[in-house]
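Quick note on labels: first sequence line is chain A, next is B, and so on, each numbered from 1. What you see below is based on every heavy atom in this structure, not just the backbone, and it leaves out hydrogens, waters and symmetry mates.
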Number of protein chains: 4
Amino acid sequence: MLDTPPATRRERRAEARRTQILSAAATVFSRKGYERATTREIAAAADVSEGTLYNYFATKRDLLVGVAQNYADEVTGAITESTAEDIDTLVAQLIANRFRHRQERRLFMLFLQEAHLNRDVYQFYVQEALARIISDTEKLIQTAIDNGKMRPVDPGLAARTISATIMGFSVMFEFSDALWDGLKRKDGQPITADWLGGQVADLFLHGLEK
Amino acid sequence: MLDTPPATRRERRAEARRTQILSAAATVFSRKGYERATTREIAAAADVSEGTLYNYFATKRDLLVGVAQNYADEVTGAITESTAEDIDTLVAQLIANRFRHRQERRLFMLFLQEAHLNRDVYQFYVQEALARIISDTEKLIQTAIDNGKMRPVDPGLAARTISATIMGFSVMFEFSDALWDGLKRKDGQPITADWLGGQVADLFLHGLEK
Amino acid sequence: MLDTPPATRRERRAEARRTQILSAAATVFSRKGYERATTREIAAAADVSEGTLYNYFATKRDLLVGVAQNYADEVTGAITESTAEDIDTLVAQLIANRFRHRQERRLFMLFLQEAHLNRDVYQFYVQEALARIISDTEKLIQTAIDNGKMRPVDPGLAARTISATIMGFSVMFEFSDALWDGLKRKDGQPITADWLGGQVADLFLHGLEK
Amino acid sequence: MLDTPPATRRERRAEARRTQILSAAATVFSRKGYERATTREIAAAADVSEGTLYNYFATKRDLLVGVAQNYADEVTGAITESTAEDIDTLVAQLIANRFRHRQERRLFMLFLQEAHLNRDVYQFYVQEALARIISDTEKLIQTAIDNGKMRPVDPGLAARTISATIMGFSVMFEFSDALWDGLKRKDGQPITADWLGGQVADLFLHGLEK
DNA sequence: AATGAATGAGACTTCATTCAT
DNA sequence: TATGAATGAAGTCTCATTCAT
């Protein structure tokens, strides 16, 4: 993002290829998982030959790392760009926005699995991206407490709880037919990410207890 | 459960072998994931030959299904056996108990990934086990509302939110060093599952807002 | 056949088992071929365990040899028992009788294939059985020539030609739908082995030429 | 045949590889049969790696189908190209030419065996090739009858009888030591395909009977 | 003598990676 | 730089044979 755009035409074309390949890889990885995705399939999706893949990435694993880095950038970008002023709106936004797309949700789970086996994915996605989201959330909560908008809960714990909930929802969304079909809105409207964000924010803010 | 224990010695030995193999498979799958786990490795962990594996399970995938069924039984067993009388203790228990073990947490993620690709895993783990947990939680909340212990939130939504949080925590636990190190207890004690359960239950019940 | 029947009850039972196993092996071999037939399947067809198979035959290949011996006995038995007095009837009988059953036709082809790879099958089936059939036919033809019933053709050649034709028919019968459907009897009757035998004998005896 | 030869060098090389692999497969299949032939051995015979086999044929069975198609083309080509003017020469030629080579004779048997288990082999070899040979022979015989060169036998039956004889000889050739050694030419010359063709044609045309 | 679970060699097939064109 | 055929290691699964019961 902040990188200066490549100067020469050759460099610009190379950068475009990289993007094109990573996008194809993201699609295939999200659908098949890492192991079941084949370089052949990724090449086909990127509309290049398998050989070309290896001109841009040394190994298949590097493709995964590249995709993880891309998504780490996106995911951390989102929270820092949030313009929500109160915690109420913020929680609603986080839930509504994060993992709105199937591909993102699948990749999220994929990265977590692969983080166990790949140091780079661990570093880029877990250590830098997820840890940063938690830390940012923590700061927002601390501010809300300082401003008297929130009771003095442990902000680290609260941030982790909210993050866990969002992660959990992203997992559950994947199985909407089995896990969500039982849920109905009282007004009969279909369940949307926005409505859900608002409802869950309400639960979090006001609690369950009478 | 209701099956009478196998009568003959041969049958008892066969049952023991099945258990022994499934246990080995669970270990290897949880460490390597499905694709990276090899039948050779599973056989070695079970201390049998690769051929023997196939006397008990027709395919490698059936091994995964077998493991999933086992864990589905365990996971649903836990909630129905819960003796918690108030919602307070129940939430704390759910969080504290579920996924207390590393292997279970890893398998949880694995099953969800593989559920996309295997009908049986989907059925046994997602449709029957997870869906049942949510449904049971929903009933407990409804009861709490009826008893006036909880404000009249949508029980379906609340059950899903609590479940999502637990799932999310189970994911986060896996990366304790990156995601949990920042969290400290005020009293300086180490973070335990029980303490965490209590704290999160408090957040859920009383909300964040002042 | 000429063996004295086993004296003791134990020996009689053992002999019955051998027969039972060989019969099952013949069935399975004829359906699947040698390699694709499994000892498990043969055991099941014989209604014994796999282990029992090995109490009677040292290897799977010995099962094939046993089957080949059985059929060699049968096939040579047939011609020597022939009561046909003239060459006319003999040719008709040979064609009509040999390979009347699907299982025999299949085993015939199987033995020929396997004779290349197994010395015993070669010896029992090709060297002893087939060679004897040819030799017997040759003698019959020589007699017919001597009796003035046949023109002085080379009896060795004639015997081999007749044998080749019978073998060829047995192969073609296997693909009756593709290779026989085009053939119709003038009287509209269905094609039977007897009719075919008569017709072919006529061709052989009187020739094609006007 | 009507295909234009591949234009590019790459395509020409690919076609050569296919041919090279099929030729190796034909050799190995003819020696070992289908099941006993290993892809490792075929690859070695073709002087390529096992992986390369699968760049040209999806499965081992497809290799067999490819070989069968090749031979089906050859076998049907032969009869239609026959220039024999009288039935006498034709029969002699058919017998002399067909299955002149050991590999062809072995593959003939192999295809018939495998035709039971593989639809494509059945179609290409039995339905199209063998059935066509019979049908072509039938037409030649019908013509000979119409021209008054042959007595009015059933042409379908005669064609099948000749075909059966040729097939049978091809089978018997395989066991020349056991089945042919007894045959001697009166003039002391060695037995050749041409001589044999002539002799058998004589038998067929003029019959056995005095 | 009968059983059938255990074995392990070896088969087919896939696929990440290389390299000549 | 792009291509895609070639490679071969490694994976899953089968099955003849053995052997403790």
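Taking the ring axis of D/Tyr34 as reference, the NZ or CZ atom of D/Lys60 stays within 45° of it and closer than 6.0 Å to the ring centre.
Here B/Arg17 pairs with nothing under the salt bridge (Lys or Arg N to Asp or Glu O under 4.0 Å) rule; sequence neighbours left out. Looking at residues two or more places apart in sequence or on another chain, you find a salt bridge (Lys or Arg N to Asp or Glu O under 4.0 Å) between C/Arg61 and C/Glu114.
In this entry the distance linking CZ of C/Phe57 with C1' of E/dA1 reads 15 Å, nearest Å. Atom CG of D/Leu64 is separated from atom P of E/dC12 by 13 Å (rounded to the nearest Å).
Residue A/Arg17 is classed as a sugar-phosphate contact, given heavy-atom separations below 4.0 Å to backbone atoms only.
Contact check for B/Phe111 versus B/Leu64: side-chain heavy atoms found under the 4.5 Å cut-off. Looking at C/His116 and D/Arg31, their side chains never come closer than 4.5 Å, going by heavy atoms from C-beta outward.
Taking a heavy-atom distance under 4.0 Å as the criterion, the stretch of DNA chain F touched by chain A extends 5' to 3' from F/dA2 to F/dG4.
For the residue pair B/Val126 and B/Ala115, the shortest heavy atom distance occurs at CG2-CB, 3.8 Å. Counting all heavy atoms, side chain and backbone alike, A/Ala58 lies closest to A/Asp62 at CB-OD2, 3.4 Å.
The stretch residues 40-54 of chain A comes close to DNA chain E through A/Glu50, A/Tyr54, each having a heavy atom under 4.0 Å from the strand. Scanning residues 20-30 of chain B for heavy-atom distances under 4.0 Å to DNA chain E yields an empty list.
A residue-by-residue look at D/Ala58 and B/Arg13 shows that B/Arg13 has its nearest nucleotide of DNA chain E further toward the 5' end. Mapping C/Arg10 and A/Lys60 onto DNA chain E by nearest heavy atom places C/Arg10 closer to the 5' end of the strand. Nearer to the 5' terminus of DNA chain F, by closest-nucleotide assignment, is the contact made by D/Asn55 (compared with the other of D/Asn55 and C/Thr59).
For the OP1/OP2 pair of E/dC15 and a distance below 4.0 Å, the side-chain nitrogens and oxygens of A/Thr38 include no atom meeting the criterion.
A donor atom on one side chain and an acceptor atom on the other are not found under 3.5 Å apart for A/Glu128 and A/Tyr122. Residues C/Tyr56 and C/Gln20 have side chains that never bring a donor and an acceptor to within less than 3.5 angstrom of each other.
If you take CG on D/Leu53 and CD1 on D/Ile21, they are separated by 5.5 Å, rounding to the nearest 0.5 Å. Separating the OG atom in C/Ser49 from the CZ atom in C/Arg40 is a distance of 11.5 Å, to the nearest 0.5 Å. Annotation: the span from C/Phe29 atom CZ to C/Leu107 atom CG amounts to 9.5 Å, rounded to 0.5 Å.
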The dot-bracket string of DNA chain F, counting Watson-Crick and G-U wobble pairs with both distances under 3.5 Å, using [ ] for crossing pairs and | for pairs to another strand, is .||||||||||||||||||||
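C/Ser30 places a side-chain N or O within 3.5 Å of a backbone atom of C/Ala26 that can act as its donor or acceptor partner.
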